[in-house]
Amino acid sequence: MNISKLLTAFCEHTPDPNCPAERVSFGTSGHRGSSLARSFNRHHILAITQAVVDWRRQQGITGPVYVGKDTHALSGMAMDAVLEVLVGNGVTARVDANGGYTPTPLVSHAILSHNTSEARLADGLVITPSHNPPEDGGIKYNGPDGGPAPTDATGWIERRANELLEAGLAGLKTSPSQSVAQATEPWPYVDHYVRHLDRVVDMAAIASSGLKLGVDPMGGSSLAVWEAVAERFGLDLVVVNRLQDPEFAFMPPDHDGKIRMDCSSSAAMANLLRIKDRFDLAFGNDPDADRHGIVDLGGLMNPNHFLAVCIDYLLTHRPDWCKHPRVGKTLVSSSMIDRVVAGHGGTLFEVPVGFKWFVEGLHRGEIVFGGEESAGASFLTFDGKPWSTDKDGIIPCLLAAEITSKTGLLPSEHYKRLAARFGDPVYRRRDFPASSEQKQRLKTLEPASLPFTELAGDPIQEAATTAAGNGAPIGGLKVSTQNGWIAARPSGTENLCKIYGESFMGEEHLQAMLAQAEMLLN
């Protein structure tokens, strides 16, 4: 990848607002794109930031904006543009005190901490395309509740940003770059987050366990956090890769040959898996640290398996949580979670894909845990307060160490016990390239359009286009039987359509269901 060409395109290319692919579009995690495709450049960031300023003014949000960025090549220039607009509009911007990178969960935690003690509400912007390839850029808005903004906010911001693009950025207010450095406020993101960690994870138990821990930040923003965690709590923790290269040249290709920093992919995690036997537990994070990868002697854990382990453990080791816990999962996460929650007398809250659906419940302390199959999760503090209302890839890693410290079981061993009790499902996700038109058609699927009445020989019990927990549209279709389910939906961040399937009857049964699921793509 040519970094110079990427950065030049970011500065010089102007998006055509009449071209759908070049307009601002908020998916499940903000606006993403590449400067080379004219879908993520300086004009986009200027327009989005001004739209955020206009939105927060309309909502009466007058506190600071906590701003973070990850290690993607476009994130630095994008952050410069963000700050120019914030300062130009007289908005206080709080940036990393050391001039470094800031993971998503640190921004969320900072917003929540501010808003529990200050009358003037704060919100935040994070410049990241998460695990996406090196040539991509991204930006997402987190509201005063600390989490990804709901659809009414992102819809308004998207429309306003596109209006600004159509008007040639008329109405934009910026500040000269030399004034920005003087006007921004330094904020100790890493120290603030790390010194509060024992409120959410039993750090003393981990420190006294003697566990040997390894961490691969995968070239991302969590590097400084893990170094601070090891130092503050005296952990036997080794960061196996300290490189922060915007080309991510050290990354092995993902399953499709692309460079993608996906810590839930065994292909992308190959570097850590090669040395797993050096450690009792090892962890990976994507560039903005909102995803987790858990490695023990059994290899890389399936994210669904680990979510089930987390929930089972937390519901028996957090005595100050409510007696009738409510657990959030996305509808394409494993049904093993359903069985674990029911086994503890809890209530399941099933929602469409996107962590934004958990934000309100976590913020109010009404959901004790929220997780999604793509290895994103967050959970409450020991006393039932919100820790982060965005995905936090760091605390699940530390929770894995707590689980082993307190139970003597590795996470994979814990899952085997769950499978022996509740059944051992087989789960798979397949991705298919898709155009915008194909993605749109998939969004409009209806149960009546199903080309079959049985799924792998089982009668269909339910075909749904809305989620059971909140009635929100799935953006696709989920079909369930007594022994398994399939789902089809377009990706909110890449030009892909995804099919999912899970069977409690074994691999052959799953393959038969997935073959039927592929019919939905046509």
Side-chain angles (χ1 to χ4, degrees), residues 70-71 100-106 109 128 130-131 189-191 193-198 200-203 205-245 248 250-252 260-301 303 306 309-310 375-378 388 391-405 410-412:
D70 76 355
T71 53
Y101 306 104
T102 308
T104 285
L106 275 64
H109 186 67
T128 173
S130 191
H131 63 292
Y189 284 100
V190 173
D191 177 70
Y193 177 91
V194 171
R195 62 188 165 89
H196 291 160
L197 273 172
D198 54 7
V200 70
V201 179
D202 192 340
M203 299 303 299
I206 300 171
S208 63
S209 69
L211 288 173
K212 293 185 177 181
L213 307 175
V215 176
D216 185 355
M218 301 177 83
S221 60
S222 66
L223 172 61
V225 180
W226 284 113
E227 291 176 333
V229 167
E231 180 179 356
R232 181 177 182 87
F233 297 102
L235 305 187
D236 186 357
L237 185 152
V238 176
V239 178
V240 302
N241 174 21
R242 286 184 163 81
L243 295 175
Q244 290 177 319
D245 170 16
F248 295 90
F250 49 81
M251 283 295 301
R260 190 182 288 110
M261 288 61 69
D262 183 355
C263 50
S264 66
S265 164
S266 57
M269 287 276 279
N271 291 339
L272 187 58
L273 289 169
R274 274 195 292 270
I275 58 173
K276 67 180 176 61
D277 292 343
R278 299 183 193 174
F279 309 104
D280 297 308
L281 288 168
F283 316 125
N285 292 125
D286 65 334
D288 73 316
D290 72 345
R291 297 187 181 207
H292 59 271
I294 309 299
V295 176
D296 63 18
L297 296 179
L300 177 65
M301 282 199 75
F306 185 63
V309 168
C310 289
S378 190
S388 73
K391 297 189 292 286
D392 188 328
I394 296 167
I395 58 171
C397 296
L398 292 170
L399 184 65
E402 179 190 327
I403 290 170
T404 301
S405 301
L410 294 173
S412 62

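We count residues from 1, following the sequence as given.
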#### Entry: salt bridge (charged side-chain N to carboxylate O under 4.0 Å, His left out) against D191, all qualifying residues, sequence neighbours excluded
R195
### Message
Applying salt bridge (charged side-chain N to carboxylate O under 4.0 Å, His left out), can you list everything that pairs with D288, at least two apart in sequence or on another chain?
### Response
K140
### Query
Does the side chain to side chain contact (heavy atoms under 4.5 Å, CB included) test come out yes or no for E231 and V194, once each step is laid out?
CA-CA 10 Å; E231 180 179 356; V194 171; over 6 Å; no
### Query
Mind checking what makes side-chain hydrogen bond (donor to acceptor under 3.5 Å, both in side chains) contact with D198, not counting sequence neighbours?
none
### Summary
Nearest heavy-atom approach of P105 to G393 is CG-N, 4.5 Å
### Message
Can a donor-acceptor pair be found, under 3.5 Å and without considering hydrogens, that links the side chain of E402 to the backbone of D202?
### Response
yes
### Task
Drop me the distance from D290's CG to C263's SG, to the nearest 0.5 angstrom.
8.0 Å
### Query
How far apart are the closest heavy atoms of N285 and R291, and which atoms are they?
ND2-O, 2.9 Å
### Message
Between D296 (side chain only) and S412 (backbone N and O only), is there a donor and an acceptor less than 3.5 Å apart?
### Response
yes
### Query
side-chain hydrogen bond (donor to acceptor under 3.5 Å, both in side chains) with T404: which residues, sequence neighbours excluded?
none
### Separation between NE2 of H109 and OH of Y193, rounded to the nearest 0.5 Å
8.0 Å
### Message
Could you walk me through whether T104 and K391 satisfy the side chain to side chain contact (heavy atoms under 4.5 Å, CB included) test, starting with their C-alpha distance in whole Å, then the side-chain angles of each, then the deciding distance to 0.1 Å, before giving a yes or no?
### Response
CA-CA 8 Å; T104 285; K391 297 189 292 286; 5.9 Å; no
### Task
Identify, with sequence neighbours excluded, every residue that meets salt bridge (charged side-chain N to carboxylate O under 4.0 Å, His left out) alongside R242.
E227
### Message
Just to verify, what does T71 make a side-chain hydrogen bond (donor to acceptor under 3.5 Å, both in side chains) with, not counting sequence neighbours?
### Response
none
### Message
Can you tell me how far apart CG (L399) and CG (D392) are? Round to the nearest 0.5 Å.
### Response
11.0 Å
### side-chain contact (heavy atoms from CB on, under 4.5 Å) against A224, all qualifying residues, sequence neighbours excluded
V190
### Message
If the condition is side-chain hydrogen bond (donor to acceptor under 3.5 Å, both in side chains), which residues does Y189 pass it with, not counting sequence neighbours?
### Response
none
Output a table of donor-acceptor pairs, distance under 3.5 Å, between side-chain atoms of residues 210-222 and any protein atom two or more places apart or on a different chain; print 'none' if there are none.
from, atom 1, to, atom 2, distance (Å)
D216, OD1, M218, N, 2.8
S221, OG, P287, O, 2.7

### Message
For residues 273-284, which residue pairs pass the side chain to side chain donor-acceptor pair (under 3.5 Å) check, not counting sequence neighbours?
### Response
N271-R274
### Query
Sequence neighbours excluded, which residues qualify as side-chain contact (heavy atoms from CB on, under 4.5 Å) partners of S208?
none
### Message
Please report the interatomic distance NE2(H131) to OG(S264), rounded to the nearest 0.5 Å.
### Response
7.5 Å
### Query
Between atom OG of S130 and atom CG of D286, what is the distance when rounded to the nearest 0.5 Å?
4.0 Å
## Note on the structure
All heavy atoms of V201 vs all of L398, minimum pair found to be CG1-O, 3.8 Å
#### Entry: Partners passing ring-ring contact (aromatic ring centres under 6.0 Å, His included) against F306 (at least two apart in sequence or in another chain)
H292
### Task
Determine the interplanar angle of the W226 and F283 rings, folded into 0 to 90°, and report it as parallel if under 30°, tilted if 30 to 60°, perpendicular if over 60°.
parallel
### Query
Looking only at heavy atoms, what is the nearest atom pair of P396 and I294, with distance?
O-CD1, 4.1 Å
### Query
So, for P103 and V225, which heavy atoms are closest and what is the spacing to 0.1 Å?
CG-CG2, 4.0 Å
### Summary
Residues D262 and A268: closest non-hydrogen pair is O-CB, 3.4 Å
### Query
Which distance, rounded to the nearest 0.5 Å, do you find between the CE of M251 and the CG of D245?
11.5 Å
